[in-house]
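First comes the structure, then the notes that go with it.
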Number of protein chains: 2
Amino acid sequence: MISQTAEYALRAVVYLADHGGDPKTNVQIAEATQVPTGYLAKVMQGLSRARVVNSQRGLNGGFTLKESPDELTVLAVINAIDPIRRIHECPLGLPSHGTTLCPLHQRIDNAAALVEEAFGDTTISELLDVPKSRKPLCRFPIAKGE
Amino acid sequence: MISQTAEYALRAVVYLADHGGDPKTNVQIAEATQVPTGYLAKVMQGLSRARVVNSQRGLNGGFTLKESPDELTVLAVINAIDPIRRIHECPLGLPSHGTTLCPLHQRIDNAAALVEEAFGDTTISELLDVPKSRKPLCRFPIAKGE
DNA sequence: CCTACAATGGATGTCAAGATCCTTTTGTCG
DNA sequence: CGACAAAAGGATCTTGACATCCATTGTAGG
């Protein structure tokens with residue numbers, strides 16, 4: 001449905017949203033979200049370039065959200081990393097389907113539109129508005145060593 | 001949204017549905033659907049194993065649909081090749097999320113469910129019930145050399 | 001029974017996503 | 001300024017999706 005990389009990005013954003021405004025380092029995020037440290041660095045670079053997060057180098061640096069979790073949608077995060085591909089022209093390159101997709105590709109594109117809509121309607125803060133035990137990434141009630 | 005391979009499978013099935021009941025060879029399907037011949041052979045094998053199509057070897061052999069296009073859904077074809085992956089347990093393996101997904105993964109799974117539903121509600125014959133110029137795979141009104 | 005036809009299956013090649021590691025750059029603080 | 005912290009960026013590795021090619025097996029028709 002979404003790529004592994006997009007899922008990683010979402011976890012990171014959710015973590016940032018749920019842990020105050022002060023910068024979190026790549027290592028902190030990686031540990032909390034169970035994402036390979038080295039790979040997360042690349043993902044965070046992507047989020048930074050897409051202006052979803054701020055990055056700050058040096059001591060006490062790290063990543064922070066650029067937007068409020070109320071404003072930031074799941075779709076925005078996904079599109080920053082691995083955009084939902086809509087179908088705008090016939091994949092077979094048939095000229096007669098140039099403007100109007102055939103029913104097959106129209107249905108596929110329609111499914112993409114549904115996904116886009118669902119993710120576009122969900123903000124990051126909505127994901128956190130639940131009892132603690134069901135919060136994303138939360139190890140509660142295990143909570144050993146954190 | 002769906003894999004390249006699943007798209008190939010759908011094209012092949014649509015072609016079979018739209019061209020009568022007599023067997024079509026791999027080469028015929030490949031040319032009509034613009035799918036690499038060698039690769040389509042693998043895809044058709046998959047459809048055959050999944051019992052979406054019949055296969056017949058030898059002279060005048062080829063592939064036919066096993067079910068009526070009225071009964072066969074887009075989802076059935078996709079699932080035969082590259083199933084829509086639903087999320088049934090927490091991808092982070094968090095024990096506290098074992099049964100109840102966190103909002104993040106619930107939303108992602110919900111998107112998958114939307115897609116499943118949309119494709120499950122569409123039959124192959126619905127895709128063909130349109131004016132000729134908008135039929136899937138159809139080159140009309142160009143129609144040079146076919 | 002022989003031959004041409006067509007699917008099957010195996011081996012292999014290519015490429016992008018996912019992942020790792022190391023060096024360089026930028027920033028903070030003492 | 002000097003030392004350290006942290007992101008940025010480059011090089012490389014692995015794996016699976018996509019793709020090609022060829023040998024084998026099964027089948028109809030002469």
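To find a chain, count down the sequence lines: A is the first, B the second, and so on, and within it residues start at 1.
- If A:Ala41 and A:Leu59 are placed on DNA chain D by their nearest nucleotide, the residue sitting closer to the 5' end is A:Leu59.
- Residue A:Ser48 is in sugar-phosphate contact alone, with no base atom involved, counting any heavy-atom pair closer than 4.0 Å across all strands shown.
- Phosphate contact (OP1/OP2 of C:dT8, side-chain N/O of B:Ser55, threshold under 4.0 Å): present.
- In this entry the distance linking CG of A:Leu40 with P of C:dA19 reads 11 Å, nearest Å.
- With rounding to whole Å, B:Arg51 atom CZ is found 18 Å from C:dA7 atom P.
- In this structure, the CD atom of B:Gln45 is 14 Å from the P atom of C:dA11, given to the nearest Å.
- Between B:Glu7 atom CD and D:dA19 atom P the separation is 11 Å, expressed in whole Å.
- Here B:Thr33 contributes atom OG1 and B:Glu7 contributes atom CD; the two are 9.5 Å apart, rounded to the nearest 0.5 Å.
- Residues B:Lys24 and B:Asp22 are paired through a salt bridge, judged by an N-O separation under 4.0 Å between the basic side chain and the carboxylate.
- The distance from atom OH of B:Tyr39 to atom P of C:dT14 is 17 Å, rounded to the nearest whole Å.
- No side-chain N or O of A:Asp82 forms a donor-acceptor pair with one of A:Thr5 less than 3.5 Å apart.
- The nearest whole Å value for the distance from the CG atom in A:Asn26 to the P atom in C:dA19 is 14 Å.
- In the set D:dA7, C:dG18, C:dC29, C:dC29 carries the atom at the smallest distance from any side-chain atom of A:Asn60.
- Nearest-nucleotide positions on DNA chain C for B:Thr25 and B:Lys42 put B:Thr25 closer to the 5' end.
- Side-chain N/O atoms of B:Arg49 include none lying less than 4.0 angstrom from OP1 or OP2 on C:dA7.
- As a whole-Å value, the separation of B:Asn54 CG from C:dA6 P is 17 Å.
- When only modelled atom types and interatomic distance are considered, B:Asp70 and B:Ser125 share a side-chain donor-acceptor pair under 3.5 Å.
- For B:Arg85, the CZ atom counts as loosely surrounded, since its 6.0 Å shell holds 12 or fewer non-hydrogen atoms of other residues, nucleotides or ligands.
- In terms of position along DNA chain C, the nucleotide closest to B:Gly58 lies nearer the 5' end than the nucleotide closest to the other residue of the pair A:Gln4 and B:Gly58.
- Side-chain atoms of B:Arg57 and base atoms of C:dA6 include no donor and acceptor less than 3.5 Å apart.
- Applying the 3.5 Å distance criterion, the base of C:dG27 shares no donor-acceptor pair with the side chain of A:Gln56.
- When the C1' atom of C:dT26 is taken as reference, atom CZ of A:Phe63 falls 13 Å away, rounded to whole Å.
- A:Thr5 comes within contact range of the sugar-phosphate backbone alone, with a heavy-atom separation under 4.0 Å but no base atom that close.
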